[in-house]
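This report concerns only the one structure given below.
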Number of protein chains: 2
Amino acid sequence: MKKNTGPKRMDDIARLAGVSKPTVSRALQDSPLVSDETKKRILEIARRHGYVVNRNAQNLRRRRTDTIAVVIDFPHLPDNRLTDPFHFELLGNITNALAVRQQDVLLCSSQSAHSGGFEHLLSNKGVDGIIFLGQSGHHEEFRALARTAVPFVVWGAHRDDATYCVLGSDNPLGGRLVAERFRSLKRKRAMFLGPRGHIEIEQRHRSFAESWGRAFEELEVPDLSFVASRDAMLERLDSGKPAPDAVFAGSDTMAMGALAALRERGIEVPADCSVCGYDDSPSAVHHSPPLTTIRQDTRMAGAILVERLMQAIQGTPAASVLLPTDLIVRAT
Amino acid sequence: MKKNTGPKRMDDIARLAGVSKPTVSRALQDSPLVSDETKKRILEIARRHGYVVNRNAQNLRRRRTDTIAVVIDFPHLPDNRLTDPFHFELLGNITNALAVRQQDVLLCSSQSAHSGGFEHLLSNKGVDGIIFLGQSGHHEEFRALARTAVPFVVWGAHRDDATYCVLGSDNPLGGRLVAERFRSLKRKRAMFLGPRGHIEIEQRHRSFAESWGRAFEELEVPDLSFVASRDAMLERLDSGKPAPDAVFAGSDTMAMGALAALRERGIEVPADCSVCGYDDSPSAVHHSPPLTTIRQDTRMAGAILVERLMQAIQGTPAASVLLPTDLIVRAT
DNA sequence: GTCAATTTTGAAATCGATTGCAAAGACTGG
DNA sequence: CCAGTCTTTGCAATCGATTTCAAAATTGAC
């Protein structure tokens, strides 16, 4: 005799209901192949015994898991960790959009995702598709991945040679908006603040440069953190050179770092110096003074990323999208 | 003849290596049952063909998934969504601690987790254990869950009648520290700011009350958001009653909301009014002015939560832990 | 009352791995 | 040279569901 410890299996429910396993399976899926009466009886018995299908067995047989991997990779963040509020915001919105579609989210660090290569992520982690947050060094890998059957979408910078579906805000437009603002404020000594090698930020940088049209200072920071920006700015202000009268930071967190440094050195914002961030992360509006910034709509981003990924999973290749951005003028 | 589309299976590798499936399986697990020579050959072939084991099949057979569900439930957050930087911080640290142990993270909203009841979450989502972030209304449910075989740990408030493993910072100590600070600053008109029904915040509140020892004002807010606190505080300041000279907010986000309101009404901080938050979330130190607050060590919290959960999965019931807290004095 | 059409049901194969057990092969000692 | 031990290997069962296909039950038409 076999002791039936552990959770009930479908066989048990079948026996209790006096039917066979396939009938139970169909009933639980609300299949039209089962008569309403039988269905109701089976569902009631399943409910009473607290039966739920074993997700792993179901996944195996169905060859589908209704689970999406979200791979987070920000080499420009300190410790390579997820810390920037903007990214959290994005992650939250993606999670919500997936939940609406009954999809679960598997959170992967880039490291664990990358061992073995992205193309094996599906069977390796048992997911149906992938959302990459941050495209940084992986552009070529994504191009390669696009030639496989792996459904994926990327949050990152738009590029003409992206053969994969990438979503990102209109960074060139963002850069231009900031240049226009500084121009209309009659600023003379502009500065761009950001790390090297971050594709999206470089797009903002380049477009700002083009639109600004004349010389400006470039202050490089090692990563996207508040501290790195503050320290770099402090060092710069102490260098003896005339202070900038307009700072465009590649993200809100960096803008806040720069602001802290300016304040420490007694430079008045916005009187002596304008500061503009990027992202419109939640902290931008709560900051004092409230931050002037370029808005990225993470809610829309999350929704579209998910929508496109679902399309890709269905087999329809999805096109890239460029999200609109606005300048949000606040107190800096 | 059968076309071999899709990813390779273990059988294919076995055939290519001229061995049987079990041998391949053992080789991939680095089992001592396989000779070194054979092992090396198999691994090489597997690598060359980009083979990775199918996670779902493996999960099913092993009855183990190396995946942990993190269930997020904060009814006190606006939209019931994950928005507070403190919780993000905690989530990030948990994810890291799990990654070290080669565990994956399945992110669940409380809603999707709760349909069907927590006790079926394991088979329903195919995970080995659960970390609950936020204990809010579920204390009794957790007590029930503790009587089942489901391994789980909770981030929340310590309680004497918690028969499950709950981790949380020492909220009573935190409340006391704030009271002591206000006392040493000779403050007279203290105020506590926070929502009702949030167990952890109520612990802070109660202990503050006991230690403070005299009357103080209580300002209730509908949720944990910046905006709710700011608006509540604005309304209070405009009521005509004398303004408080010390504010203890239940979280940093709320403290920042209160600060914004005080500033808007021209009340000088810290000259006219002291403000103390709770959490020491990353934004607290970046805020201007930098926020005085009670620190919760999310890194340690993440590490211990994970360690205890792993213990529970191994079958050792884990005891609750109370994490130490400090007062971090900054500019408010 | 018979036969075809339709609705329900169940037997058996399958998803892709892991593992218990038995057997084959290699070694050792007497 | 053979029995006994130890190392490697493979057969077959198993994990817990879904799905194909054929059989059984029901219905309807004439």
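- Base contact: Arg26(B) has a heavy atom under 4.0 Å from a base atom.
- When the nucleotides dT9(D), dA17(C), dC15(C) are ranked by their closest atom to the side chain of Val34(B), dT9(D) comes out on top.
- When rounded to the nearest whole Å, the span between CZ of Arg55(B) and P of dT18(C) equals 12 Å.
- Between His87(B) and Phe88(A), the distance from one ring center to the other does not fall under 6.0 angstrom.
- In this structure, Tyr164(B) and Phe142(B) have perpendicular ring planes: the angle between them is above 60°, well past the 30° mark.
- A salt bridge links Arg159(B) with Asp161(B): at least one charged nitrogen is closer than 4.0 Å to a carboxylate oxygen.
- With respect to Asp297(A) and Arg299(A), no salt bridge is recorded, no charged nitrogen being found less than 4.0 Å from a carboxylate O.
- When atom types are taken as modelled, the side chain of Thr148(B) and the backbone of Ala146(B) share no donor-acceptor pair closer than 3.5 angstrom.
- Residue whose closest nucleotide on DNA chain D sits further toward the 5' end, between Val24(A) and Ala57(B): Ala57(B).
- Mapped onto DNA chain D by nearest heavy atom, Val53(A) and Val19(B) fall at different nucleotides, with Val19(B) at the one closer to the 5' end.
- Atom CZ of Arg63(A) and atom C1' of dA17(D) are 14 Å apart (whole Å).
- Checking dT9(C), dG16(C), dG16(D) against the side-chain heavy atoms of Leu33(A) singles out dT9(C) as nearest.
- Rounded to a whole Å, the CG atom of Leu60(B) is 4 Å from the C1' atom of dC15(D).
- When the P atom of dT14(C) is taken as reference, atom CG of Asp11(B) falls 13 Å away, rounded to whole Å.
- Regarding contacts with the backbone of dT9(D), every side-chain N or O of Ser20(B) stays at 4.0 angstrom or more from both OP1 and OP2.
- Separating the CG atom of Asp12(B) from the P atom of dA17(C) is a distance of 9 Å, rounded to the nearest angstrom.
- With respect to Arg48(A) and Glu44(A), a salt bridge is recorded, a charged nitrogen being found less than 4.0 Å from a carboxylate O.
- Computed from C1' positions of five pairs at each end, the angle between the two local axes of the helix from dG1(C)-dC30(D) to dG30(C)-dC1(D) equals 40°, rounded to 10 degrees.
- Between Ile13(B) atom CD1 and dT9(D) atom P the separation is 17 Å, expressed in whole Å.
- Side-chain proximity of Pro22(A) to the nucleotides dA12(C), dC15(C), dT18(C) is greatest for dA12(C).
- Distances were taken from every side-chain heavy atom of Gln29(B) (C-beta onward) to each of dC21(D), dT19(C), dG16(D); the shortest belongs to dT19(C).
- Considering only side-chain atoms of Gln58(A), the nucleotide from dG10(D), dT18(C), dA17(D) that sits closest is dA17(D).
- Computed from coordinates, the Arg9(A) CZ to dT18(D) C1' distance equals 17 Å when rounded to whole Å.
- Taking the six-membered ring for Trp and the full ring otherwise, the centers of Phe132(B) and Phe118(B) sit less than 6.0 Å from each other.
- Residue Arg61(B) has no polar side-chain atom (N or O) positioned under 4.0 Å from OP1 or OP2 of dC15(C).
- Asn59(A) has its CG atom 16 Å from the P atom of dC15(C), to the nearest Å.
- Within the 4.0 Å cut-off from OP1 or OP2 of dA17(D), at least one side-chain nitrogen or oxygen of Tyr51(A) is found.
- Within the structure, every side-chain polar atom (N or O) of Thr23(B) is placed at least 4.0 Å from both OP1 and OP2 of dT9(D).
- Distances shorter than 4.0 Å separate some side-chain N or O of Thr38(A) from OP1 or OP2 on dT9(C).
- Side-chain atoms of Asn59(A) come within 3.5 Å of backbone atoms of Arg55(A) as a donor-acceptor pair (strictly under, hydrogens ignored).
- In this model, the phosphate group of dA17(C) is not approached by any side-chain N or O of Ser25(B) to a distance below 4.0 Å at OP1 or OP2.
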